[in-house]
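Take a look at the structure below.
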Amino acid sequence: PEKGFPLRCPPRQMVRTIEAKAQGKTRLAICRGETSSMYSPPQRPQEQQQQQQVEEERLLKEQLRQKEEEKKQLLIKKKQEQAEAKRLLMEKKKQQLLRKKQEKEEEELRRVLEQQKQEQEEKERQQQLLLQQQQKERERLEQEQLEQERVEKERLEKERKERERLEQERKERERLEKERLEKERLEKERKERERLER
């Protein structure tokens with residue numbers, strides 16, 4: 001790499017790149033391109049060692065930070081999963097409650113409809129019974145009226161017959177009375193003639 005043009009290498013490639021460089025340059029130095037120049041100022045071993053320690057400490061801190069970040073991300077993800085599971089559970093409970101409420105309302109509606117149907121059937125049955133009773137009452141009244149008419153007719157017929165019988169008896173009495181009177185008259189005339197003849 002050239003200076004001013006940092007390389008972005010994966011960790012393994014970076015390690016291989018570092019191992020291939022001379023003078024034990026650090027990753028930061030390689031990424032900065034400090035090893036690409038032939039005229040770069042040489043560094044003393046102590047400074048190199050300090051710089052390497054600083055870089056190792058930085059890398060260690062970076063690794064620790066990454067691990068902490070990963071832990072935080074895992075914790076956030078776990079909390080999100082727990083929150084999602086809790087939300088799903090609450091949604092499921094809410095749906096169950098809603099379904100139970102709907103079932104209860106449907107059952108209540110069915111019960112009300114069934115009760116209305118039974119009331120309607122009872123009402124129709126009562127009306128049918130009332131109509132039957134009225135029909136029977138009309139038939140009974142008609143029968144009574146017919147019976148009364150028949151009795152009245154029989155009574156009138158009896159009265160008529162009785163009147164005819166009485167009329168016949170009266171006529172018969174009159175006839176007999178006439179005959180008796182006629183006989184008496186004839187008898188009287190006969191006696192009168194006999195008396196005159198003497």
Just to verify, what does Gln134 make a side chain to side chain contact (heavy atoms under 4.5 Å, CB included) with, not counting sequence neighbours?
Leu130, Leu131, Arg138

Using side-chain heavy atoms (C-beta onward) and a distance below 4.5 Å, is Glu137 in contact with Gln133?
no

Could you state the interatomic distance from CD (Gln73) to NZ (Lys77), rounded to the nearest 0.5 Å?
10.0 Å

Rounded to the nearest 0.5 angstrom, the CZ-CD distance for Arg58 and Gln63 is 10.0 Å

Starting at CG of Leu98, measure out to CD of Glu91 and round the result to the nearest 0.5 Å.
9.5 Å

May I ask you to say whether Glu114 pairs ionically with Arg110, meaning some side-chain N is under 4.0 Å from a carboxylate O?
no

Can you find a heavy atom in the side chain of Arg125 that is under 4.5 Å from one in the side chain of Glu121?
no

Does one side chain, of Glu122 or Gln118, offer a donor that lies under 3.5 Å from an acceptor on the other?
no

Pairs flagged by salt bridge (Lys or Arg N to Asp or Glu O under 4.0 Å) wherever residues 65-76 is involved - sequence neighbours left out:
Glu62-Arg65

Salt bridge or not for Glu174 and Lys178, using N-O below 4.0 Å?
no

When you look at Leu60 and Glu56, which way does the side chain to side chain contact (heavy atoms under 4.5 Å, CB included) test go after all the steps?
CA-CA 6 Å; Leu60 183 61; Glu56 288 176 355; over 6 Å; no

Is any side-chain heavy atom of Gln82 closer than 4.5 Å to one of Lys78?
yes

Using the rule side-chain contact (heavy atoms from CB on, under 4.5 Å), only one of Glu162, Arg163, Glu167, Lys161 pairs with Arg165; which is it?
Glu162

Between Leu88 and Lys92, does a side chain to side chain contact (heavy atoms under 4.5 Å, CB included) hold up when you go through it step by step?
CA-CA 6 Å; Leu88 291 174; Lys92 185 177 180 180; over 6 Å; no

Distance from Arg170 atom CZ to Glu177 atom CD, nearest 0.5 Å?
13.0 Å

Worked check of side chain to side chain contact (heavy atoms under 4.5 Å, CB included) between Glu55 and Gln51:
CA-CA 6 Å; Glu55 183 65 18; Gln51 189 174 2; 5.6 Å; no

With rounding to the nearest 0.5 Å, note down the distance linking NZ in Lys117 to CD in Glu119.
13.5 Å

Using a 4.5 Å cut-off on heavy atoms from C-beta on, say whether the side chain of Gln128 contacts that of Glu124.
no

Whether Arg150 and Glu154 form a salt bridge (side-chain N of Lys/Arg under 4.0 Å from carboxylate O of Asp/Glu) is what I want to check.
yes

Salt-bridged, Glu184 to Arg180, with N to O below 4.0 Å?
yes

Distance in Å, Arg160 CZ paired with Lys158 NZ, rounded so as to fall on 0.5 Å steps
13.0 Å

